[in-house]
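One structure is given below, encoded as structure tokens.
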Amino acid sequence: MRAPFNPWEMACQQLDLVAGKIDLDPGIHAKLRSCKRALIVSLPVQMDDGSIQVFEGYRVQHNLDRGPAKGGIRYHPDVTLDEVKAMAMWMTWKCAVVNIPYGGAKGGVICDPSDMSLKEVENLTRRLTSEISIIIGPEKDIPAPDVNTNPQVMSWIMDTYSMGVGYSAPGVVTGKPVEMGGSLGRHTATGRGAMLVLHEAMKRFKMEPAETRIAIQGFGKVGSSLAQYLDELGCPIVAVTDISGGLFNQKGIDIPALLEHTRAAPGGLIAGFAGGDFVEDVETANRQLLGLEVEVLAPCALENQITTENAHQVKARMVVEGANGPTTPEADEILQSNGVFVLPDILANAGGVTVSYFEWVQDLQSLFWDEDSIDRELTRIMTRGFHDVMEIAEREQCSMRLAAYMLAVNRVANAVRWRGVFP
Ligand code: GLU
């Protein structure tokens, strides 16, 4: 029987692979193979019926050698400490690939927010913030949105932290509403960043947008904004799935109409949209989506989606990973031997943390940029990231993933070398 998927083991496996390739010093390898800090908190929360429910939460900082820790907070029933540790390590590499001055962190709470009222989510968030306030702060560790967290949750984090320190501290968290120190363009930044690197890849391989059919798994923050930007670029989006099922239309889905539908639909789901064939069974829909005859497959939901079980079925020429960790290392090998060009998560979804970086810089300076400046800087950083990685991949004749890891791990290892080991 196959061992259950463990994201932390997967993250370590990815690091080990690159360590061999770049001849990483064994001491630095050992340091990077563990997380600097992991805080486990228990969160008693007053529920609407007056009862108290206790949730478990985590904040993990993987590495701080290149700057303060940065990474999202996830609310999901399947959160585990190992998942949060893996995500924290991936944040370290992500920030290093696009060369922004942060180390990696991540947070999570085991909960199902779809089963909780807004007030309960607020109580949970405020208690979490209070419990992790000993390690977060504008100069220490800056949380952000991730799966099932949003600008409202970030506002509560900012407010609770500010109450504790006695002044408004917008720089403690990113992904806030624009009205209270958030940045223009943050909400759609991950999708925009993924579109930008994909567009560079399309230019590189001379793929015309109108002939580049796209299938997207996940229609949340990342998948929906990626769909919007690719639609604007002129690519037909022929399939989209979410937790309510899958929508298929060979002629291309009307994305503006689908976006309007999800904005009005309960839970923001695609079910009930008329513009295509709808498959209700989520597993069947995802299986169909992964095996579709398309040019680009974009997994934008959770980790562990392209596995040894289905990697052989992928017919796409390219995979752009909007999600964190959607492809297992074994599946990655299969994709590579089948000639699929993979834009890896640590590059493809780095647009979110990049605009988070802009938000943090704006907050610290109390000087806010217009949307054109954000778009221009995001384009510059994502394009540079793509070409830096592409150059290594071509020179080393390796996958974009290995190239991205080589770039990132080398950058972090150099910082470790310069700083030395305390004491
Ligand atoms: N949660 C996002 C990610 O996985 C954003 C992190 C951030 O903005 O700090 O990249």
Side-chain angles (χ1 to χ4, degrees), residues 97-98 188 190-219 222-241 248-256 276 288-300 305-306 311-323 326-327 331-332 334-351 375 378-395 397-404:
V97 169
V98 287
T188 52
T190 313
R192 188 168 177 80
M195 176 277 287
L196 288 166
V197 290
L198 176 60
H199 194 197
E200 286 306 302
M202 285 162 59
K203 287 192 258 177
R204 172 76 181 65
F205 295 108
K206 303 197 172 19
M207 292 161 71
E208 286 301 323
E211 282 145 33
T212 305
R213 292 164 298 174
I214 317 269
I216 302 180
Q217 184 196 40
F219 207 68
V222 183
S224 66
S225 44
L226 177 61
Q228 184 187 336
Y229 290 122
L230 289 176
D231 180 62
E232 284 167 13
L233 200 64
C235 303
I237 320 291
V238 298
V240 165
T241 59
F248 298 83
N249 185 340
Q250 268 307 316
K251 293 199 195 86
I253 298 165
D254 181 347
I255 295 297
Q288 279 185 22
L289 175 121
L290 288 175
L292 269 187
E293 203 63 75
V294 287
E295 279 63 46
V296 177
L297 175 65
C300 296
Q305 297 302 307
I306 305 180
H312 283 293
Q313 279 138 35
V314 172
K315 296 194 189 71
R317 176 169 178 197
M318 285 186 192
V319 169
V320 56
E321 296 182 335
T327 311
D332 208 24
I334 300 172
L335 294 181
Q336 213 187 324
S337 58
N338 288 346
V340 182
F341 182 81
V342 179
L343 287 160
D345 49 2
I346 58 170
L347 169 66
N349 70 37
D375 284 352
L378 178 63
T379 306
R380 183 179 69 78
I381 290 183
M382 296 307 294
T383 310
R384 181 185 68 191
F386 172 84
H387 290 287
D388 285 351
V389 173
M390 190 79 224
E391 199 186 301
I392 298 173
E394 282 177 336
R395 189 178 66 227
Q397 290 293 300
C398 69
S399 70
M400 288 292 275
R401 184 172 334 264
L402 189 54

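Values below: every heavy atom of this structure, side chains too, minus hydrogens, waters and symmetry copies.
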Would you find a donor on one side and an acceptor on the other, under 3.5 Å apart, between the side chain of [X] and the backbone of [Y]?
X      : Y      : answer
Asn338 : Val340 : no
Glu321 : Asp345 : yes
Thr383 : Arg380 : no

Task: Under the ring-ring contact (aromatic ring centres under 6.0 Å, His included) test, residues paired with Phe248 that sit two or more places apart - done: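 In terms of ring-ring contact (aromatic ring centres under 6.0 Å, His included), with neighbours along the sequence ignored, Phe248 is linked to no residue.
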Taking atom [atom1] of [X] and atom [atom2] of [Y], what is their separation to the nearest 0.5 Å?
X      : Y      : atom1 : atom2 : value
Leu378 : Met195 : CG    : CE    : 8.5 Å
Glu391 : Phe386 : CD    : CZ    : 11.5 Å
Arg317 : Met202 : CZ    : CE    : 10.0 Å
His387 : Arg384 : NE2   : CZ    : 12.0 Å
Thr327 : Leu297 : OG1   : CG    : 8.5 Å
Ile237 : Ile253 : CD1   : CD1   : 7.5 Å

Work out which heavy atom in [X] is nearest to a heavy atom in [Y]; give both atom names and the distance.
X      : Y      : answer
Gly322 : Thr190 : O-CG2, 4.5 Å
Val98  : Met382 : CG1-SD, 4.3 Å
Ala323 : Asn349 : O-ND2, 2.9 Å
Gly385 : Leu347 : C-CD1, 3.7 Å
Ile306 : Val314 : CG2-CG2, 4.4 Å
Leu292 : Ala239 : CD1-CB, 3.4 Å

Open item on the list: Does Val319 form a side-chain contact (heavy atoms from CB on, under 4.5 Å) with Leu343? I'd like the steps, not just the answer.
Closed with: CA-CA 6 Å; Val319 169; Leu343 287 160; over 6 Å; no
Task: Partners meeting side-chain contact (heavy atoms from CB on, under 4.5 Å) with Lys203 (sequence neighbours left out) - done: His199, Glu200
Open item on the list: Can you list everything that forms a side-chain contact (heavy atoms from CB on, under 4.5 Å) with Ala393? Sequence neighbours excluded, please.
Closed with: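 Ala393 satisfies side-chain contact (heavy atoms from CB on, under 4.5 Å) with Met400, Ala403 only.
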Name each donor-acceptor pair under 3.5 Å that joins a side chain in residues 225-236 to protein atoms two or more places apart or in another chain, with its distance.
residue : atom : partner : partner atom : Å
Ser225  : OG   : Lys221  : O            : 2.6
Ser225  : OG   : Val222  : O            : 3.4
Gln228  : NE2  : Glu232  : OE2          : 3.4
Tyr229  : OH   : Thr188  : OG1          : 3.0

- [ ] Test Thr241 against Gln288 for side-chain contact (heavy atoms from CB on, under 4.5 Å), laying out the working first.
- [x] CA-CA 10 Å; Thr241 59; Gln288 279 185 22; over 6 Å; no
Open item on the list: When you compare the side chain of Ile334 with that of His312, does any pair of heavy atoms fall below 4.5 Å?
Closed with: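 Heavy-atom side-chain distance check passes, below 4.5 Å.
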TODO: Please name all residues satisfying side chain to side chain donor-acceptor pair (under 3.5 Å) with Asp332, sequence neighbours left out, ordered by chain then number.
DONE: Arg401
Residues 208-219 side chain polar contacts: donor-acceptor under 3.5 Å, at least two apart:
residue : atom : partner : partner atom : Å
Thr212  : OG1  : Glu208  : O            : 2.7
Arg213  : NE   : Glu295  : OE1          : 3.0
Arg213  : NH1  : Glu293  : O            : 3.3
Arg213  : NH2  : Glu295  : OE2          : 3.0
Gln217  : NE2  : Asn286  : OD1          : 3.3
Gln217  : NE2  : Gln305  : OE1          : 2.9

